[in-house]
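Sequence lines set the chain letters: A, B, ... in the order given, protein chains first and strands last, and positions in each chain run from 1. Predicted, not measured: the structure shown is a model, and the values here were computed from it.
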Protein chains: 2
Amino acid sequence: MKVSTRGDYASRALLSLALHGATQTPTSVRDIAERTALPQPYLEQILLALKGAGLVRSKRGVGGGYVLAREPEEISLAQIVAAVDGPIVAGDFGEPHENGACDHEGQCVLLAVWAEVGEQIRNKLQNLTLADMVTRSTGTAA
Amino acid sequence: MKVSTRGDYASRALLSLALHGATQTPTSVRDIAERTALPQPYLEQILLALKGAGLVRSKRGVGGGYVLAREPEEISLAQIVAAVDGPIVAGDFGEPHENGACDHEGQCVLLAVWAEVGEQIRNKLQNLTLADMVTRSTGTAA
DNA sequence: GCGGTCTGCCTCGGACCGAAGCCGGTGGGA
DNA sequence: TCCCACCGGCTTCGGTCCGAGGCAGACCGC
């Protein structure tokens, strides 16, 4: 019942890009790692997953690095977490109301509940974009 | 980002007790395991944890077993899950706005978000009692 | 009251799996 | 030729899931 560090790290990395307004000039993995205090090799493969999901673009060679693929308003935390942690669900015990999944008492009722919880989390995270985070970050605290 | 099987199993077991209206006569672990199709030894220690949390009472010897400690209306899913899975949170990366926790950009903003998500899940599960589940179970599907 | 049996209580341990993180090599760009 | 993204594989670590086995309390028949 918790977000893995991958989700947290990925969010921090992209938030870092958004904070520096780096929608054009690439930022190297090393710079991101320094600014966010994250382990560099680990962050590397996380960024790779984010690229695979189409959330960032990369540029190789000298002066290369990563750039947000879309505007911060268009990137939600749900997309980030889903990209590195897989689909956002609460409990993976199959689907309710399907073949032999509900052959014991109360089972499919609980499955429905977990599904509702997962959906609620998704809704929450879909409404939080990187732009919102930037606003929160600059508006409230350090 | 998911409920462990412990939480699911514990919920199923208590729901089974509630469905059979066993607020007085004890039900043995073996019977619960049969009705819910759960591994009996595993279920045993889960029930032990639930007893430690004060959600069920036990009776030893012949004709012994487990009984709900309170009325189904008084037992929420949040209590059950918290009893077997620990506190319900989304991401355990420390607390926001404390000593050196927010010394890197955007960190405490994200911490606040995870905290919000966790709180939302807790609220949802606190509003779902065993009595609600019984109603859902008997009212809608098999 | 006494032993047997039924049950919960408790602990130990191990298989299994995913998370977390490091490393070396490859190849494309300036 | 240097820089840096890319690409795997690989290890370590801890948690989950579950079984085995023994101990202790409760009720029974006698």
Rounded distance (Å) that lies between atom P of D:dC4 and atom CG of A:Leu48: 17 Å
Polar contact flag, side-chain donor to acceptor under 3.5 angstrom, A:Thr129-A:Asp132: yes
Short side-chain to backbone donor-acceptor contact, A:Arg6 and A:Asp85, under 3.5 Å: no
Short side-chain to backbone donor-acceptor contact, A:Arg70 and A:Ile75, under 3.5 Å: no
CA sep, side-chain torsions, deciding dist, call: B:Tyr42, B:Thr5, side-chain contact (heavy atoms from CB on, under 4.5 Å): CA-CA 11 Å; B:Tyr42 194 28; B:Thr5 62; 3.9 Å; yes
Flag, side chain of B:Ser16 to backbone of B:Arg12, donor-acceptor distance under 3.5 Å: no
Closest to the B:Ser28 side chain, choosing from C:dG8, D:dC6, C:dG29: C:dG8
Distance below 4.0 Å between A:Tyr9 side-chain N/O and C:dA19 OP1 or OP2: no
Nearest-angstrom distance from the residue atom CD1 of B:Ile46 to C1' of D:dG19: 14 Å
Could you run down the sub-3.5 Å N/O contacts of the protein with nucleotides 22-27 of chain C?
none

B:Leu50 CG - C:dC9 P separation (whole Å): 12 Å
Any donor-acceptor N/O pair, B:Thr36 side chain to B:Ile32 backbone, under 3.5 Å: yes
Rounded distance (nearest 0.5 Å) linking atom CG of A:Asp31 with atom CD of A:Gln40: 10.0 Å
Any A:Thr5 side-chain nitrogen or oxygen under 4.0 Å from OP1 or OP2 of C:dA20: yes
Distance in angstrom units between A:Arg30 CZ and D:dC3 C1', rounded: 9 Å
Spacing between B:Leu17 atom CG and C:dG8 atom P, to the nearest angstrom: 11 Å
Heavy-atom check, side chain of B:Leu17 versus side chain of B:Leu130, under 4.5 Å: no
Separation of C:dA20 P from A:Arg6 CZ (nearest whole Å): 8 Å
Between C:dA20 (P) and A:Leu43 (CG): distance, integer Å: 13 Å
Residues in contact with DNA chain C, drawn from residues 51-59 of chain A - heavy-atom cutoff 4.0 Å: A:Lys59
Candidate pair A:Met133 and B:Val113, rule side-chain contact (heavy atoms from CB on, under 4.5 Å), full reasoning: CA-CA 9 Å; A:Met133 307 300 292; B:Val113 169; 3.6 Å; yes
